[in-house]
K.L.:
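Following this message is one structure expressed as structure tokens.
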Amino acid sequence: MALWMEKGSQPQTQSEIADLDAIAALKESAALELKEKGNEYVKLGKKHYSDAIDCYTRAIDQKALSDSENSVLFANRAHVNLLLGNYRRALTDAEEAINLCPTNVKAFYRAAKASLSLNLLNEAKLYCENGLEKDPSNEELKKLARKVESNIMERRSYEAKVSNAVTVAKGLVSAIEARKLKMGKAMYRELTGLKKPVLDKDNILHWPVLLLYAEVMSSDFIEDFCETDMFSAHLDLIFSEDSPPLPWDTENKYTRDAIELYYEASSGTCLSTAKLLQYFLEGTAGANVELPHEDENAAGSSSSNTISAGDDFASKWIRVNEKRTLHDVLRESRFTIPGIPVFFVVSRRSSFYQVFKSGKWSPQ
């Protein structure tokens, strides 16, 4: 009988040929039956999807059907894998279906859908285009093609935003380094949020500046302090005669003629170029951009990156000369910018003034 023929040998008699034809017919019948059974399982719902995949797989394994029929089986299995969220398997099956039958429009649709789910947008677009070449009036493919094109446009818009964010951040890093400013770890984020400086078209930095009233730890915020502005101009505006008194200053001690401005002589390590870039990207479309690897042992290890605040208490507070520009003050050797510039306002009329000047007070 043909069942006992050796692998690779050819049938020699009419009986053997008949046996092989009978076996082929049985396998073909079994494959078609499994296909229909798989279709029924799909209709029964999600609980039977694995059974459907099993039926389609067994039908394929019969190796008894034509390429076009096997293409349908692979496309059907791709459909079930899509329903299960097995997008990579669905794509593999759909691609095999296309290879077996390049006119199988459903296979193109499912390949496009799987590619879209895997965010392979260019591949998804190509499958839609190729499918529509075969069936220009296919509404499902047209709808999917519009969805793919929309996603492509969204990705391009996002990539443009990321690119712009990185360009802006790199420009800020270059501006900071060109001015030889020292940037440290951001502080007072609960007050400043994610505010950052802005570099204008004339290469001038505009800083958000935090003013802290040390006595009560209240605050004011200057949204746009141009680096070329003198401190006196902003203080004259904030403490002008027309401005209402500070709500907590019931004794009216914080007047223009009584206030002084200080910054804290910082100690610690300046941010490296990579860390600075990462800081400027926070809160932007480029926040998750993968930056070049930085050697943590090397970063900030040089003596030029380390700042000392001095040993005595009084030296921790440095008075700001109000006739100087923000640029000049930020360049002072003992100023390290804690994310954005922070200055402390005290009044000579307050009893707190001597406590502050002695260096015995520290922000909590």
Side-chain angles (χ1 to χ4, degrees), residues 181-198 205-268 279 283 307 309-310 312-364:
L181 304 182
K182 296 180 286 295
M183 292 282 292
K185 183 179 178 181
M187 299 176 66
Y188 307 106
R189 298 300 287 269
E190 70 280 6
L191 298 174
T192 65
L194 294 173
K195 294 182 183 295
K196 307 288 194 320
V198 174
L205 281 171
H206 297 255
W207 289 90
V209 170
L210 180 66
L211 299 181
L212 286 176
Y213 298 96
E215 186 171 359
V216 293
M217 282 306 283
S218 180
S219 64
D220 266 328
F221 205 82
I222 302 174
E223 293 281 352
D224 183 355
F225 198 137
C226 180
E227 65 178 341
T228 58
D229 289 350
M230 289 192 298
F231 283 83
S232 57
H234 288 276
L235 294 175
D236 288 346
L237 184 63
I238 295 171
F239 294 95
S240 68
E241 293 182 358
D242 297 330
S243 298
L246 298 169
W248 47 265
D249 184 22
T250 55
E251 298 180 10
N252 200 31
K253 294 178 181 178
Y254 282 74
T255 58
R256 181 67 185 93
D257 60 326
I259 61 164
E260 293 178 358
L261 209 60
Y262 291 82
Y263 66 82
E264 186 175 11
S266 301
S267 61
Y279 167 70
I307 313 100
D312 58 294
F313 282 114
S315 69
K316 72 181 294 183
W317 300 113
I318 311 298
R319 185 176 177 182
V320 174
N321 182 343
E322 297 175 8
K323 297 300 181 182
R324 301 192 76 195
T325 65
L326 177 61
H327 168 81
D328 292 334
V329 172
L330 296 184
R331 281 176 52 88
E332 290 180 5
S333 61
R334 301 182 72 184
F335 199 114
T336 300
I337 305 168
I340 66 170
V342 177
F343 298 95
F344 293 82
V345 184
V346 293
S347 171
R348 291 188 297 274
R349 294 177 183 161
S350 171
S351 58
F352 173 76
Y353 180 73
Q354 293 302 328
V355 176
F356 178 86
K357 289 276 288 181
S358 70
K360 295 178 181 178
W361 177 87
S362 294
Q364 298 301 316

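Model, not experiment: these values are computed from the prediction.
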K.L.:
So does E223 pair up with K195, basic N to acidic O under 4.0 Å?
P.N.:
yes

K.L.:
So do L212 and V342 actually touch side chain to side chain, heavy atoms under 4.5 Å?
P.N.:
yes

K.L.:
List the steps and the verdict of side-chain contact (heavy atoms from CB on, under 4.5 Å) for N321 and V329.
P.N.:
CA-CA 8 Å; N321 182 343; V329 172; 6.0 Å; no

K.L.:
Is any side-chain heavy atom of W207 less than 4.5 Å from a side-chain heavy atom of V198?
P.N.:
no

K.L.:
If you take all heavy atoms of L210 and D220, which pair is closest and at what distance?
P.N.:
CD1-O, 3.6 Å

K.L.:
Begin with the C-alpha distance, continue with both residues' side-chain angles, and end with the deciding distance and a verdict on side-chain contact (heavy atoms from CB on, under 4.5 Å) for E260 and R319.
P.N.:
CA-CA 7 Å; E260 293 178 358; R319 185 176 177 182; 3.3 Å; yes

K.L.:
With a 4.5 Å cut-off on side-chain heavy atoms, are S232 and K323 touching?
P.N.:
yes

K.L.:
Are any non-hydrogen side-chain atoms of L181 and R331 less than 4.5 angstrom apart?
P.N.:
yes

K.L.:
What distance do L326 atom CG and E227 atom CD have between them, rounded to the nearest 0.5 Å?
P.N.:
7.5 Å

K.L.:
Could you go through E215 and Y353, starting from their C-alpha distance and side-chain angles, then the distance that decides it, and tell me whether this counts as side-chain hydrogen bond (donor to acceptor under 3.5 Å, both in side chains)?
P.N.:
CA-CA 8 Å; E215 186 171 359; Y353 180 73; over 6 Å; no

K.L.:
Should D257 and R349 count as an ion pair when the cut-off is N to O under 4.0 Å?
P.N.:
yes

K.L.:
Find the distance between OG1 (T336) and NZ (K185) and round it off to the nearest 0.5 Å.
P.N.:
14.5 Å

K.L.:
Testing the basics here: between L194 and G283, what is the closest heavy-atom pair and its distance to 0.1 Å?
P.N.:
CD1-CA, 3.7 Å

K.L.:
Run the salt bridge (Lys or Arg N to Asp or Glu O under 4.0 Å) check on R256 and E322 step by step: do they pass?
P.N.:
CA-CA 12 Å; R256 181 67 185 93; E322 297 175 8; 2.8 Å; yes

K.L.:
Taking it one step at a time, do I340 and K196 satisfy side-chain contact (heavy atoms from CB on, under 4.5 Å)?
P.N.:
CA-CA 7 Å; I340 66 170; K196 307 288 194 320; 5.9 Å; no

K.L.:
Drop me the distance from S347's OG to D249's CG, to the nearest 0.5 angstrom.
P.N.:
7.5 Å

K.L.:
Assess whether atom CD of E190 is packed by more than 12 heavy atoms of other residues, nucleotides or ligands within 6.0 Å.
P.N.:
yes

K.L.:
What's the shortest heavy-atom distance between S243 and L237, and which atoms?
P.N.:
OG-O, 3.3 Å

K.L.:
Quick one, P341 and L330 - any side-chain contact, counting heavy atoms below 4.5 Å?
P.N.:
yes

K.L.:
Quick check: do T255 and F239 have side-chain heavy atoms less than 4.5 Å from each other?
P.N.:
no

K.L.:
Under a 4.0 Å N-O cut-off, is there an ion pair linking E332 with R324?
P.N.:
yes

K.L.:
Tell me which one of Y213, W317, Y262, F335 satisfies ring pair (Phe, Tyr, Trp, His ring centres under 6.0 Å) with F343.
P.N.:
F335

K.L.:
Which is it for T192 and F221 under the side-chain contact (heavy atoms from CB on, under 4.5 Å) test, yes or no, and what are the steps along the way?
P.N.:
CA-CA 8 Å; T192 65; F221 205 82; 4.1 Å; yes

K.L.:
Once rounded to the nearest 0.5 Å, what's the spacing between atom OG of S333 and atom CD1 of I318?
P.N.:
8.0 Å

K.L.:
Just how far is it from atom NZ of K253 to atom OG of S350, taken to the nearest 0.5 Å?
P.N.:
4.5 Å

K.L.:
From the options V209, D224, D229, L261, select the one residue that forms a side chain to side chain contact (heavy atoms under 4.5 Å, CB included) with H234.
P.N.:
D229

K.L.:
K316 and S362: side-chain donor and acceptor closer than 3.5 Å?
P.N.:
yes

K.L.:
Do F344 and P363 come within less than 4.5 Å of each other through their side chains, counting heavy atoms only?
P.N.:
yes

K.L.:
In the structure I gave you, are the side-chain heavy atoms of F225 and P208 within less than 4.5 Å of one another anywhere?
P.N.:
no

